[in-house]
Every structure is written in C-alpha cells, then in structure tokens.
There are 2 protein chains.
Amino acid sequence: MERPEIPLPQLHAFVVLAEELHFGHAAARLGIAQPPLSQQIRRLEDKVGHALFSREPGRVTLTPAGRELLPAARQALTDLADGLAAARAVGSGRVGRLKIGFAASLALTVLPRLLRTFRQRFPGVHLDIHEMTTAPQIAALHNNTIDIGLLREPPTDETELGFKTVLSEPFVVVLPTTHPLAAQRTVQLVQLADSPFVLLPRVVGPQLHDQITGLCTAAGFTPQVAQHAVEWQTVCALVEAGLGVSLAPASIRRIRLKGVAFRRIEPSTARTRVAVAWRKNDHNPLVTHLLATVSQDPPERPSTGPAWS
Amino acid sequence: MERPEIPLPQLHAFVVLAEELHFGHAAARLGIAQPPLSQQIRRLEDKVGHALFSREPGRVTLTPAGRELLPAARQALTDLADGLAAARAVGSGRVGRLKIGFAASLALTVLPRLLRTFRQRFPGVHLDIHEMTTAPQIAALHNNTIDIGLLREPPTDETELGFKTVLSEPFVVVLPTTHPLAAQRTVQLVQLADSPFVLLPRVVGPQLHDQITGLCTAAGFTPQVAQHAVEWQTVCALVEAGLGVSLAPASIRRIRLKGVAFRRIEPSTARTRVAVAWRKNDHNPLVTHLLATVSQDPPERPSTGPAWS
DNA sequence: GCGCTCCATACGCCTAGAGATATCAGGTCA
DNA sequence: TGACCTGATATCTCTAGGCGTATGGAGCGC
C-alpha cells in the first residue's frame, strides 16, 4: 500500500466538476468561489501528470484520462463515506453483531425476554446466540468467541469478567401427576429419598448438578439417578413417563407438559442464580447496551407465588 | 456527494496500523516516528467519533467500529491508486481506445499496415475500426464517433479537421483477362469508351466516383455504367464474370483474382489521394501517436512499377 | 526496584492546501 | 463594438495537518 498522493478535496472537486462540466456551477455546488476550483483541478492535473478536462471555449469535457479516473474517484469517495457511516453506526452501538452464549435452561425464560426487548431497542443489531453450558461460556468469553454469557451459578474467581445476577430462583420438584406427592402443595425434600431421579449429566453444568445433589445430601439422602437427559424438556418427558422425579430451577415450570406437576420444596432456602457475564475490559457499546437492557428489564418475579396450577 | 471529512494520510496510517497492530512497527512501515502515528490515529478517531483500536497493555486490537471501517478504507485507497495508475496510463497513451473510421478500399492496403505497426508499438491500445465512406467519416469526426479517419480525397473546406496524405496512387483499369485490351501493358483511357463499366455507387464515395467519371469525360467519353457494386472485391468479381471493365485506385491490385487483369492507364497524371483525418483540437495522445506512426511508417511505394504480373 | 517496551502527550516547526479578491483573456452574441 | 460569460492567473491569508524531539506513565520481566 503506497502513501496517498492526492488530497481528497481535489478528488471531490474533480467528481463534481465532471458531473457539472462547468466551473462556475461546480464551484457553486462545492460552496466555493470559481478560482479556487480552477486551482484544485489544476493541482490534481499536475499530480496526475495529464489533463483531465479539456477546456474549449464554451464547453468543458473530460479527457480520456479523466474518464478513466472518474469512476475510481467516485467509488473511493462513496466507499469512504459509507465506511465512515457504518463505522459510526457500529461505534454508537446502533448496529452491529453481538455474540451471546446461554445456558440451555434459560431458553424458556430469561433468554427470550431479553432478546425481545433488546431487539426492540436495537433493531439493527444482529444477535448470534449459542447454547452452551457455564464452563464453555467462561472460556468463550476469554477467547472472544462470545461477548455475553447467560449462565447459572457464576464462578467467583474470575477477575477479568463481570457478572450480574439476573434472576435468583428456588428449586421445584418435578413429579408425574400420578405420583402420591403430587397431591401435596409442598414437598419435603426427604420425601424424595426413595424415588429414582432424572437429572442432567454433571458435565453439562457441574455447579447446578452439584447444587441439586447437595440439596439431597443436606436432606439426608443420596439421589438415585435412574436416568440422564441433556435437556430439561427431555427430563420433564421422562418424568411424565414415570422414570423418576427431578429437581429443577423454578423457571422450568414454563415447560407445560400434561402429566407433569411442579411443587415447591421445603426447605426452600436453596436458590440458583442466573447471571449475565461479560469481559470487564470490553468497551463494545453493544455490551453496555445489553447490560443496560438487563438492568432496566426487571427480573422476572421470583417464582414463590402460586404461579402453577 | 458530501465533502470529504477525512485526510487520506490518516486512513493510510489506519490501514497500516490495522495490519501491524503495533504502533512502533506501523510507524516504521510508514517511515515516520511513532508519536506522529499516535496523533494520526487519534485525529482519525476523533473524527469518526469512536475508538478504532483498543489499546490494552501488550496488545492493540481493532474495535468493532475499526473492523467496520477497515475494508472501506482499504478499498478506497486501492481504488484510488489503481484509478490513478489507469488515468496515467491512458493519459500517457500507453493504453486506451481509439476509434478509427476507414474507407473500404483501404482494407487491403493502408489499413492493415497501419494497424499492425500501431498495435506493435502500443499493445495496450484497443482499436475500434469502422468501415465507412468519406462523408460519414467527416461527420463522425465532428461528433466524436471516431477519432481518426482514413479516407480518399479529403475535402478542403474543413477548418477543424487536419488531413495528412498517406498515399497518392494512380488509377488502373480492371479488365477480364479475356478482354482484348488485357494484352497491352498500358491502356489508353479512350479505348474503354465502348466498354460497359462496373463502378461503386456514387453515394459511397462521391469524390472518387466523380474523379473516375471525370477521367473518362476528360478522355472524351461518358462511361456506360452496366453495374454497381459496393465493394471492390465485388467489382473485380463482376469484371471477371465479364459484366464490364472498371477504373480503380492502383492499390486494389492487392485483390488477386484469377481472370482479372490490372493495367496502367494513359494518361497517368490522375491520382487519388488517401489521407488520415483527425480533429485538430483533439489532444488525445493516442491520436498523436497514431499520426506519428503514420508519418514514420513510410507510405507504400506508389504503384508505378511493374508490381503486377 | 530497575530497566525495558510501548503508547500517549506536549510543544514547536513548517508546508501544502484551501480559501478569498482582483484582474485578465478569449468567445459569443446582440 | 461592447456587454457578457467563462475560465485562468496572480496574490494574499490562514490553518489544518504532518513531522520531529522530548517526556510522561503504565505494565512486565528479571
């Protein structure tokens, strides 16, 4: 790439003159007097080394060299103007692309809400969403694969990442409606000691998995895992099929499946937290916008009320 | 088209820095010290209104806005450089396009010679050649449809056009070999008084036509035109078929057709001139080049020698 | 802590470029 | 011929831009 030889104003003058083919009019369009325009063109022609316009009395025309230069000049100017506008749009966060990782369990609750309001406020922003569990999200944030994470149980030892809790929710027990405990409004955890469990494999979310098994341990038993499933949808389906019961974040109540009941558990102290994560040193305005959206969009009412029927 | 806001050197610096992602190295590549580069980038960022690079200790990276601007900047710079080079090439006459009109009767003599040597000297120049008679050539020169004319009998009342004689040649008589006169080396014009003539229609070249009939008139007879044909090839073919005889510029001897003989005429004073024509106010270097080629390329030996057999 | 790297800042200099006004010169047309 | 249009020239002013040197300051490795 060579160093540029030609000032842009000269090219601009050239293009305008090429359109007007009249020094006076072109100067007027450029908002300058006519002599300066003559000079601009002259300087440009000097640099090019050849005449670009042929001035015959009564009419100004492009020379072959001028005809050759015109499209390139025009192109360069519009490229630049467009690129500048695009860069400004991106810089201001009006348009752009944001890469978001999210935990599968949020696909029914936090995520759609967030996407909806964000898209509404920034229709020019393209959102790339990738379903991924917590640990990969942390890694992806570090290597810039994603810009925003939506995850459960944020780690506490990350100095370069920021976390903000979006939702803190209790656990519910997932039962087939035929299960004797489904008749109660509230289930004592220990009552599940003898039921087989359907859980997500530990690898897809160690923190959550450990928290669930920890709850059981605290209640005095070790859950008997009869079956694993990688999606909450599937877990619910398996519960409905009678393969066992499950413990899950309250927000999965959104999965309405005939034959499946959700019941509050006792003790209800244990909660699982959903957080947004971002790189603290990321100055991408879209990240700021998204965090602002999260803050302004009030978190869903914690599911303590009788939201299920 | 807006007035350009951004000096090109800043864009150049931007592109180089975007490639190097290192102020020191980029500055070195630009051949300047590092602080000026910092300033360039800073000024550019000020104008854009957003940071284009994120400077974290140890590494410089493009921001989304910078990534957006980069291709446009690069494109504009290369467009410009290319356009400039192209304009210079055209301006210098190394490449380009030249529109040439030529009289049909030259297709076998002057034209191919000229094209060959010109192409050899200016391989980058595209030649558009159009067969057209004298009057249309004059008109086409005036309205810029062609840049160069190759015609017979240039008019003398054209002030805006320049003419240069390329070739001055005598007339020959075209005879079927079976014709009694074909036995002679030279034919007295008046001997053709009783033969039917095959000629080009007057409209395709009034000057030449009038000159031919004028020759006959001067010899004391009016030629009996038995047949018209618009191409010399055809004229010869018709002569060969015995439809008549013809008078033609000597250069059509190039048409070798069995059964057709060409003979010098007496008196041999009458000559037809072939000229190049151009607009005097045309500063297209290609025109100059072509005229120079014509001058340097010596005109064909006038056909007075025993060049036919 | 020391030195090194790397980028930013401060300051000064200089020039090219862009602008204005005034004037000239060639053509056209009434 | 003279008014008028159009573009070129001459001259002056001003400033943004580009570059240099000197210096500051944050990280990082030893």
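By convention in this document, chain letters (A, B, ...) are assigned in the order of the sequence lines, proteins followed by strands, and residues within each chain are numbered from 1.
- Proximity of R59(A) to the phosphate of dG27(C): no side-chain N or O atom is located under 4.0 Å from OP1 or OP2.
- Close to dA8(C), at under 4.0 Å from its OP1 or OP2, lies a side-chain N or O of R55(B).
- Atom NZ of K280(A) has more than 12 neighbouring heavy atoms from other residues, nucleotides or ligands inside a 6.0 Å radius.
- Taking 4.0 angstrom as the limit, H22(B) places none of its side-chain polar atoms (N or O) nearer than this to OP1 or OP2 of dT5(C).
- Rounded to an integer number of Å, the gap from N281(B) CG to dG27(C) C1' is 15 Å.
- When the P atom of dA8(D) is taken as reference, atom CD of Q40(A) falls 13 Å away, rounded to whole Å.
- Among the atoms of the strands shown, base atoms are found under 4.0 Å from some heavy atom of P35(B).
- Between L37(A) atom CG and dT9(D) atom C1' there is a gap of 14 Å when expressed in whole angstrom units.
- Within the 4.0 angstrom heavy-atom criterion, base atoms lie near R43(B).
- Among the atoms of the strands shown, base atoms are found under 4.0 Å from some heavy atom of P36(B).
- Between the C1' atom of dC6(C) and the CG atom of L21(B) lies a distance of 14 Å, rounded to the nearest Å.
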| request: Show your reasoning for whether salt bridge (Lys or Arg N to Asp or Glu O under 4.0 Å) applies to R279(B) and E158(B). | output: CA-CA 10 Å; R279(B) 286 182 294 278; E158(B) 289 288 342; over 6 Å; no
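- Straight-line distance from the CG atom of L8(A) to the P atom of dG17(C): 12 Å, rounded to whole Å.
- In this structure, K47(A) reaches the dG17(C) phosphate: one of its side-chain N or O atoms is under 4.0 Å from OP1 or OP2.
- A parallel orientation is assigned to the rings of H25(B) and H22(B), their planes being inclined by less than 30° (bins at 30° and 60°).
- Relative to the side chain of I32(B), the nucleotides dC19(D), dA8(C), dG19(C) differ in distance, and dC19(D) lies closest.
- Of all nucleotides listed (dA20(C), dA18(C), dC7(C)), dC7(C) comes nearest to the side chain of F23(B).
- Residue I41(A) contributes atom CD1, which lies 16 Å from atom C1' of dT9(D) at whole-angstrom precision.
- Atom CD in Q34(B) sits about 13 Å away from atom P in dT5(C), given to the nearest Å.
- OP1 and OP2 of dG7(D) both lie 4.0 Å or more from every side-chain N or O belonging to S38(A).
- Under 4.0 Å is where a charged nitrogen must lie from a carboxylate oxygen, and between R88(B) and E68(A) no such pair does.
- Considering only side-chain atoms of Q39(B), the nucleotide from dA10(D), dT21(D), dC11(C) that sits closest is dC11(C).
- At a threshold of 4.0 angstrom between heavy atoms, the contacts of P9(B) are confined to the sugar-phosphate backbone, with no base atom among them.
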| Would R273(A) and S168(A) count as a side-chain hydrogen bond (donor to acceptor under 3.5 Å, both in side chains) if you check the C-alpha gap in whole Å, the side-chain angles of each, and the deciding distance to 0.1 Å? | CA-CA 4 Å; R273(A) 279 162 52 224; S168(A) 168; over 6 Å; no
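- Atom CG of L44(A) and atom P of dG17(C) are 11 Å apart (whole Å).
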